[in-house]
Amino acid sequence: MSRLIFNSVLLLFCFVCSSGAALDDYLPAQQPLLDQAEQKAVYDILTAVNPDVDWSYAFSTDLCTAGPHGIICEIDAEDPSKAHVVELNLGYVSDYSNNPPCSPTNASFSPALTRLPYLSKLFVYRCFVSASTSLPDYLWSLGPQLQELVLQSNPALSGSLPPDFGTILGLRRLIIAGTSISGEIPAAIGKLRSLQQLDFSGNTLKGTVPSAIGELKELVVLDLSQNALVGSIPGELGPLLKLTKLDLSCNYLSGEIPSSMGSLRSLELLDLSDNSLSGGIPLFLGGLRRLKNLHLRSNPFKGTLPDIWNQLQGLVGLDLSRTGLMGPIPVSMGSLKEISYLSLDQNNLSGAIPQALAELPSVNHIDLSHNRLSGQVPFSKVMLRRLGERLRLKGNDELCMDPQTVVSFSEKIGISICESSSSSASVELWETRDSSAGNRVCDRFGHAGVFLSAIIFPLLYFH
């Protein structure tokens, strides 16, 4: 009997297929899930960011079941027959995140954003790139359910941060980066107690780093780089025990690195480059044993290189160039077995290059150029061939090379042959000049390998 039913169903299916009708034509129609007021609000928002597209025609059915990529809905917990828009991702990122594209010349915000009462994430990427657009006040009234506000790489977006943050006090992620936002960071930032990521990088913010940031105990990522901030680094940052990334680079900060930062034992990246910090490189940095990247370049620290490197064996990147350092390179730098990038150039370091540096197993880039180093270079032929022009020794007049180690002309190493050789010839130098040496070197979207931190870095921590 069951076999007869199966054959009958199969015969009916074949008849439907042969007649050219879709199987869906014989199934009950899918009822719209999205509330029509929310559907209309989404159409208005999409039309504002790209009026060249007829969104209601292109996506005429329910936006939750057949909407464009980037619109995310969730079923109502109390009524499973309904759904609500909980995420809006606007602006084309890639083929893997092909969100609704914005008009390159005619994009704008829409107050219809306030008509999405369940919205928990608003992501806007490169929507405002030419025509100047002001940051609207109603963004700060999107409600306590909003957890992520990300305005990334919108250079034509102007205005200032609000004196308070209205109803969005439940934010876990606040990113306004790569814009023309100006003014000061308000002390009210300390009210966003749930923040895990705060990124105001690549703007034109001025004033000081507010001590109120120290109240954000859940903070994992703090990035205020590439602004015009002045004053000292507040000691109140010390209690942010969950911080894994702290980037204050490319500002005009002065004074010493506060000792309270020795408490940041979870830090993996510390970047204070391109400021006016002084007072030497503090010994307490040796206690930050989870550090993978330490970038302090272009600060007038002066003093000597501290002997802390036995404690920082997990370092992958270290940049202390243009910091006024003098004296010898500590032998303990040979403990950096994971180091890939080491830059100590344009200082006043003296003495011999420690043999331990020639035995670093993972290093791919060493820059010791423009110092006062002397003696015989300890690097082997194997290491010279491996590093190639990523080994930079130019500008150390007292350095020389063992004639037995000199490699072929195509693998030039950049210094003369030691005087013990019968030959007075020298090996031609690589001309790896930094035309910006001594100047402020801050590109718009960061450095040290950081790319779209708003998209990539937080994924490791944000749940």
Side-chain angles (χ1 to χ4, degrees), residues 268 270 280-297 301-407 411-418 420 427 430 432 448:
E268 296 179 14
L270 176 61
I281 296 174
L283 291 173
F284 64 74
L285 292 181
L288 307 183
R289 302 196 176 199
R290 294 188 182 181
L291 272 181
K292 290 182 169 50
N293 286 280
L294 176 60
H295 301 278
L296 302 177
R297 72 162 184 264
F301 285 114
K302 299 184 179 179
T304 60
L305 266 169
D307 196 3
I308 59 176
W309 312 108
N310 285 326
Q311 306 170 63
L312 297 173
Q313 296 184 27
L315 276 180
V316 175
L318 176 62
D319 190 347
L320 302 177
S321 59
R322 301 197 293 271
T323 50
L325 294 171
M326 59 187 70
I329 298 173
V331 174
S332 62
M333 280 197 159
S335 302
L336 302 177
K337 302 302 182 183
E338 303 297 322
I339 199 78
S340 174
Y341 180 93
L342 175 61
S343 186
L344 303 175
D345 59 288
Q346 300 181 70
N347 285 298
N348 290 301
L349 299 173
S350 57
I353 299 174
Q355 175 66 35
L357 290 192
E359 298 169 0
L360 294 173
S362 303
V363 73
N364 288 310
H365 176 104
I366 298 179
D367 193 343
L368 305 177
S369 63
H370 299 287
N371 279 288
R372 299 169 56 196
L373 300 171
S374 59
Q376 185 171 296
V377 172
F379 302 107
S380 67
K381 286 183 179 181
V382 173
M383 193 168 192
L384 289 170
R385 289 191 181 100
R386 178 167 66 84
L387 291 180
E389 61 184 32
R390 296 188 303 276
L391 173 63
R392 300 176 182 179
L393 303 174
K394 179 180 174 62
N396 291 283
D397 294 339
E398 300 299 319
L399 275 182
C400 66
M401 193 74 189
D402 182 346
Q404 301 300 317
T405 312
V406 174
V407 293
E411 295 168 324
K412 297 172 279 188
I413 51 145
I415 55 173
S416 61
I417 298 173
C418 292
S420 59
V427 182
W430 276 310
T432 320

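Basis for what follows: all heavy atoms, side chains included, without hydrogens, waters or symmetry-related copies.
Of the possible polar contacts, one joining the N396 side chain to the L368 backbone as a donor-acceptor pair under 3.5 Å is found. With N371 contributing its side chain and L349 its backbone, the two residues share a donor-acceptor pair below 3.5 Å. Using modelled atom types, one side-chain atom of S362 and one backbone atom of K337 make a donor-acceptor pair closer than 3.5 Å. Remark: the backbone N or O of L320 is not paired with any side-chain donor or acceptor of R297 at under 3.5 angstrom.
In this model, a donor atom of one side chain and an acceptor atom of the other lie less than 3.5 Å apart for S335 and N310. Side-chain N/O atoms of D367 and S321 include no donor and acceptor closer than 3.5 Å.
For the pairing with T323, the side chain to side chain contact (heavy atoms under 4.5 Å, CB included) check across N347, L305, L344 returns one residue only, N347.
Under the 30°/60° scheme for interplanar angles, the aromatic rings of H365 and Y341 are found to lie parallel.
In this structure, L296 and D319 have side chains that are not in contact, with every pair of non-hydrogen atoms separated by 4.5 Å or more. Under the 4.5 Å side-chain criterion, counting only non-hydrogen atoms from C-beta, N293 is not in contact with L270. The shortest distance between side-chain heavy atoms of S369 and L393 does not fall below 4.5 Å. Looking at F284 and I308, their side chains never come closer than 4.5 Å, going by heavy atoms from C-beta outward.
Taking every heavy atom of both residues into account, I366 and V363 meet most closely at CG1-CG2, 3.4 Å. The two residues L357 and M333 make their nearest non-hydrogen contact at CD2-CB, 3.8 Å. When all heavy atoms are compared, the tightest approach of P354 to P378 is O-CG, 3.9 Å. When every heavy atom of R390 is checked against every heavy atom of R386, the shortest pair comes out as NH2-O, 2.8 Å. Scanning both residues, P330 and P306, for their nearest heavy atoms gives CG-O, 3.9 Å.
Atom NZ of residue K394 and atom NE2 of residue H370 lie 5.5 Å apart, to the nearest 0.5 angstrom. With rounding to the nearest 0.5 Å, the separation of CG in L373 from CG in N348 is 10.5 Å. To the nearest 0.5 Å, the span separating CZ on R322 from CD on Q346 amounts to 5.0 Å. A distance of 10.0 Å separates CD of E398 from CZ of R372, quoted to the nearest 0.5 Å. A distance of 6.0 Å separates CD1 in I353 from CD1 in I329, rounded to the nearest 0.5 Å. Annotation: the span from D402 atom CG to C418 atom SG amounts to 6.5 Å, rounded to 0.5 Å.
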(request) Begin with the C-alpha distance, continue with both residues' side-chain angles, and end with the deciding distance and a verdict on side-chain contact (heavy atoms from CB on, under 4.5 Å) for I339 and V316. (result) CA-CA 4 Å; I339 199 78; V316 175; 5.8 Å; no

(request) Determine, stepwise, if the pair L325 / T304 fulfils side-chain contact (heavy atoms from CB on, under 4.5 Å). (result) CA-CA 5 Å; L325 294 171; T304 60; 6.0 Å; no

